[in-house]
Amino acid sequence: MRYGFFDDSKCEYVIIRPDTPLPWINYLGNEAFFGLISNTAGGYVFYRDARLRRLTRYRYNNVPLDTGGRYLYIRDDGSSGKDAPAGDYWSPSWQPTRHALENYACRHGLGYTVIGSTYGGIEAQTRYFVPLGEDLEIWQLTVTNHRDRPARLSVFSCVEFCLWDAWDDATNFQRNFNLGEVEVDASDDSRGVIYHKTEYRERRNHFAFFACSEPLAGFDTQRDAFLGPYAGWDSPEAVVRGRSSGSLVHGWAPIGSHHVRLALEPGETRQILFLLGYHENPDGQKFDPPGSQQINKHTVGPVLDRYLDAENVDAAFAALRAYWDDLREVLQVETPDVHTNRMVNIWNAYQCMVTFNMSRSASYFESGIGRGMGFRDSNQDLLGFVHMIPERARERILDLAATQLESGGAYHQYQPLTKRGNDAVGSGFNDDPHWLILAVAAYLKETGNWGILDERVPYDNRPGSEQPLYEHLQRSLRYTLDRLGPHGLPLIGRADWNDCLNLNTFSSTPGESFQTAVTKEGKTAESVFIAGLFVLAAKEMAAIARWRGLQQEAEGYEAQARTMEEAVHQHGWDGDWFLRAYDDRGQKIGSHECVEGKIFIEPQGICILAGIGVGSGADGGPANAERALASVDQHLATAHGIVLHQPAYTRYYLNLGEISSYPPGYKENAGIFCHTNPWIMIAEAISGHGDQAHNYYLRINPSAREEIGDVHRCEPYVYAQMIAGRDAPTHGEAKNSWLTGTAAWNYVAISQWILGMRPTFGGLQIAPVVPQDWPGFKATRIYRGVTYHISVERVGVGNAVALCVDGRAIESNVIPAPPKEQKTVLVQVALGRAGG
Ligand code: BGC
Ligand code: NOJ
């Protein structure tokens, strides 16, 4: 069943019933000020850090679902007649009152959401967005009277303020119930601004504001005064009564609620603007008059003036649309498959931006208080983002590298506000440092800006410890070489990519963290996954060194890669697939010898990506890639995607950790952990299997799953982290949508490996491995400042390519950079061997 449809021409997904299986959300904001918004206007906003600077409250895991949001209520104040009885009220976004609405539609677009409906002849639509470069969210409410007589209406807004630190806000009531403070500016000629200033009196220099463009009939700032005792958001006393109480909060729960009265003639439309924002004052200028306790509003004044003007708001919206059009233009494709087109051109690119911004911090499954920016996660997110805004990718690389430790290891996470490594989680996830090499390589391949390697970056943010970024990368490799196990394979540490394969933890205490409560020193357990990742990273380092003219060094990395490859061939191959690991007793994991967990997806993907066992053994090793892929198909592939391992663990294994803590088929215990699927797609492409690669691509492509909305349940426009595996009673059900490495990796798999437009150190390479029955495809790619119009035409079977650049045949499949002044290049690609 479907709950909406794609409107590709507008780059929107349109939800046409509010009761989606789960809230289907969107993100607002681009760089510093962010909001999560559901299809019924739920969600919250924050400045930079979802934990430390949360502006509004949201209650996770509440009933009904999705409690807390940007609430608007419309009340019929007395036009008589049948449409809506006087005193009736409703929410145009359905929540929180959940009245039956006509023409409900939620349009999620790139950086904005529009929610509208009609009730009793009154149409109301709200457009929510964050203007570029601003720290505020705009709600543009348009109300139209479709009745044949005048309507007298009240509009009530409401947000509940969070006392900044979302964790403390949700736990420390004995203090927090005494803190809440606001100021209200609601005189006749004012802009109806409610300022939330809890803790501004002491060490904070920031406040939140909630402004309204219309003269106020009233306001409330005390939650209980607005709602009334024991009432919920669905029936606030102020709305029922049709009058705010002018409450000023002193402690308890600060809210912002405006009350505006509207008189609309038949057919008349009016717009009301609401602004919800964050503002900082310079330390010495917090108060006005100086010495008072009142907020100095001179600095925020111009911001309010600007965006309480409808023309400026429309212009800001147009700028946001143009911004996204520009970003999307970097890569546009036209293939025979609609799901490929809309994901590559619109939604996957968009999700890559969101994951780049959020890492795994704030979604409807990530509470925003648990994790900051993940080291491994952010480096991978960058792979799907670097082509859009390389400067931001560069900044991120330098931030990440600055949290690296001198050992070459890395803090597993850092807090975006402070940019400091998170001590509570610490380091010792032994795959972490290699992802930095992959991210830097991707940046270099995209931009050709080699200067980044000479940037001096500290370790652990310690002044005085600065070294060139290149040295950081060298230490990343060294970290693994310093930590090899009995088979010459890398020691796993707390975990590798699979956070839940905890081979040194042995936890028997309920609730203990599997990642941090490590009990063993870890001199035995080894990871074949890290071995593969090491080979991949060492090969990238060799290429980087060679490009820099460091021949000997390059050979050194190649030798290290070969030695590791040899160790994988000898000790990491199980006969039909790559082994997963050795545990603390030196026993195999992911082997046919095991009772459960005989075969894992991760090493098959990463080893083949690294070139291990690829080809006819020309590298001196056996040609195992094909066998490994056949085993994946045979043992792991399902109609809903490829599961993580088989058989699932049916009980808890002390020596394996969190992986066996999940019921079979969920998450890391044999779920379809979507992040890993593109590795197999890439491996299939590397092996020349276009049909299989694209077939796997479609199994988890959310657009291709739109029809099975009741099974899939998550949004059909973005990837989810996990789809329940074949052992799960709810096989096919997605969870943890939005913030997942799946976004970047799928984007890389489809655009660089299946469609085959691949940035390399030397230029843009064209090597499609697409389904045999595709007659071809077209693409536009802006690369290093040049627009390439690429048209691929199948002339025969197979994946051989012949390139014609601006009408001239070239030998290689890497397009040479055109002369400086040339900005457009025409590339014709003949795919397959004619007559073959
Ligand atoms: C989740 C993993 C996640 C880890 C990080 C686990 O509970 O299953 O997906 O990486 O927590 O803390
Ligand atoms: C989610 C984590 O954010 C990511 O870092 C990890 O690789 C996967 N889970 C798999 O455990």
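Counting convention: from 1, in listed order, for ligands and their atoms alike.
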is_close_aromatic(Y47, F33), centroid dist under 6.0 Å: no
Pair F673 + W497: ring centers closer than 6.0 Å: yes
Ligand 1 versus F429: contacting region, heavy-atom distance under 4.0 Å: neither
To the nearest 0.1 Å, how far is [atom] from its closest protein heavy atom, and which atom is that?
{"atom": "atom 12 (O) of ligand 1", "result": "Q515 OE1, 3.8 Å"}
{"atom": "atom 8 (O) of ligand 1", "result": "Y662 OH, 2.5 Å"}
{"atom": "atom 3 (C) of ligand 1", "result": "D499 OD2, 3.6 Å"}
{"atom": "atom 2 (C) of ligand 1", "result": "E668 OE2, 3.0 Å"}
{"atom": "atom 6 (C) of ligand 1", "result": "E658 OE2, 3.1 Å"}

Closest heavy-atom pair and its distance - D727, A670: OD2-CB, 3.9 Å
Minimum-distance pair of heavy atoms, taken over all atoms of K667 and L644: O-CD2, 4.3 Å
Criterion ring-ring contact (aromatic ring centres under 6.0 Å, His included) against H645, the qualifying member of Y662, W577, F600, F529: F600
Check: D499 and Q515 side chains under 4.5 Å, non-hydrogen atoms: yes
E366/R360 salt bridge by N-O under 4.0 Å criterion: no
Aromatic ring pairing H472/Y459, orientation class (parallel under 30°, perpendicular over 60°, tilted between): parallel
Proximal atoms of ligand 1 relative to F673 (non-hydrogen, under 4.0 Å): 9 (O)
Those atoms of ligand 1 less than 4.0 Å from some heavy atom in K667: 1 (C), 2 (C), 8 (O), 9 (O)
Any residue meeting side-chain contact (heavy atoms from CB on, under 4.5 Å) with A683, in chain and number order, not counting sequence neighbours: I608, L629
Residue pair Y58, Y364: steps toward the ring pair (Phe, Tyr, Trp, His ring centres under 6.0 Å) verdict: CA-CA 10 Å; Y58 185 77; Y364 267 31; 5.1 Å; yes
Where does ligand 2 get N/O contacts under 3.5 Å from the protein, atom by atom?
| unit_1 | atom_1 | unit_2 | atom_2 | d |
| --- | --- | --- | --- | --- |
| ligand 2 | 3 (O) | R371 | NH1 | 3.1 |
| ligand 2 | 3 (O) | D377 | OD1 | 3.3 |
| ligand 2 | 3 (O) | D377 | OD2 | 2.8 |
| ligand 2 | 5 (O) | R376 | NH1 | 2.8 |
| ligand 2 | 5 (O) | D377 | OD1 | 2.6 |
| ligand 2 | 5 (O) | D377 | OD2 | 3.4 |
| ligand 2 | 7 (O) | R376 | NH1 | 3.4 |
| ligand 2 | 7 (O) | W497 | O | 2.6 |
| ligand 2 | 7 (O) | W497 | NE1 | 3.0 |
| ligand 2 | 11 (O) | W497 | O | 3.4 |
| ligand 2 | 11 (O) | D499 | N | 3.0 |
| ligand 2 | 11 (O) | E668 | OE2 | 2.5 |

